Amino acid sequence: MDKAPLDWPNLEFGYRKTDKNIRFTWKDGVWDKGVLTEDETIPLHMAATCLHYGQECFEGLKVFETKSGDAVVFRIDENAKRFVHSCEKILMEPVSEVTFIDAVFRVVKANRRFVPPHGTGASLYIRPLMLGTGPQVGVKPAGEYMFMVFVTPVGPYFKTGFKPVDLIVEEKVDRAAPLGVGDVKVGGNYAAGLRASMAARAKGYTEVLYLDAKHKRYIDESGPANFYGITKDNQYVTPDSESILPSITNKSIVTLAEEIGLRPQRREVDIEEIFEFKEAGCCGTAAVITPVGSITFRDRKVVYSKDGNAGKYSTELYEKLTAIQVGDAPDDYDWVRRIPEQ
Ligand SMILES: *Cc1c(COP(=O)(O)O)cnc(C)c1O
């Protein structure tokens, strides 16, 4: 099939219309079989719980084309599990993991011409979401839900690509509370952090680094991505916190870090430790691995990248991870699944 006529190497991380999306409805206690549609809009009751009480969650994953032309997806079983967990945490009706995976496969097949060619650095971003669609005015879970998946071809999340970004520690805004919903992928967490992200950008920083809401002392994560630091004695340190989203990318990097001689440690990370790291980075599906060039904390600034380039370990981790994702390196951990043509 002919590819869509796009400038693949220069795609932005943004929405672009594709051929189809898929929707499932939960009504009268059952999920339907799902329908593919060209419609980019959703008919929605004005009293739907997603509009008033935040019954909404989502996922983000990427599909790549291998050298031999297969469409492959990275660790989709993990996204399926996390999606179910997000739905359950805010009392929405989850779809089964099988339905989640099947929906992604169907929508990718229907948009096959939008999977970027191998070697362009671009990918097809998959955005599954669940909405409470049933009307309620009292605070209660909805009686109807919509699960949908749309796709959009994307380039790098941070405009700089694999170049160090500048973070600022935000002490005036909390993204999530320890016993709140920071550990699930719900839209409200992003609304909570928007003002901090925008203020950071206005001051010339790329993103915010959040501290834990309780002690204001330990690193939580960056806006849309987990955080790691590499110590002088080669530990890969990443925060253990109840209020961060358990990143599948981070979990994968922990595995790869061991391969290159780093010792992974998931523990509380005191903000003062940033001054001791030799490298730092952000990681997530969208951010992949984004090296951190500097962190500003109050009136102090630590600079990791003096020449505008990523550090040795972040570079090595990035290369290892992306090679597996696009099928250029052996899939030793069974992370990659081929999306069937039929
Ligand atoms: C999605 C997300 C991440 C990254 O998770 P991945 O599974 O690696 O994509 C990190 N932090 C937040 C807040 C997120 O929403």
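The model shown is predicted, which means the values in this text are computed figures rather than measured ones. One-based numbering, in listed order, for ligands and for the atoms of each.
Among protein heavy atoms, the minimum distance from atom 11 (N) of ligand 1 is reached at Glu221 OE1, 2.7 Å. Counting only heavy atoms of the protein, atom 4 (C) of ligand 1 lies nearest to Gly284 CA, 3.7 Å. Atom 9 (O) of ligand 1 has its closest protein heavy atom at Thr285 OG1, 2.5 Å.
Here the straight-line distance linking atom CD1 of Ile289 with atom OH of Tyr228 works out to 5.0 Å at 0.5 Å rounding. Rounding to the nearest 0.5 angstrom, the gap separating the CD atom in Glu93 from the CD atom in Glu144 is 12.0 Å.
In this model, no donor atom of one side chain and acceptor atom of the other lie less than 3.5 Å apart for Asp212 and Ser241.
Contact analysis leaves Ser222 out of contact with ligand 1, as no non-hydrogen atom separation drops below 4.0 angstrom. Close to ligand 1: Arg82, with a non-hydrogen atom less than 4.0 angstrom away.
Counting the atoms of ligand 1 from 1 in the order shown, those under 4.0 Å from a heavy atom of Arg175 are 13 (C).
Of the listed residues (Lys81, Arg82, Arg75, Lys185), just one forms a salt bridge (Lys or Arg N to Asp or Glu O under 4.0 Å) with Glu59, and that residue is Arg82.
Considering each of Ala286, Pro224, Ser252, the one bringing a non-hydrogen atom nearest atom 10 (C) of ligand 1 is Pro224.
For ligand 1, none of its N or O atoms has an N or O atom of Asn79 under 3.5 Å away.
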task = Take Phe13 and Tyr125 through the ring pair (Phe, Tyr, Trp, His ring centres under 6.0 Å) test and state the conclusion after the steps.
result = CA-CA 9 Å; Phe13 193 92; Tyr125 187 74; 5.2 Å; yes

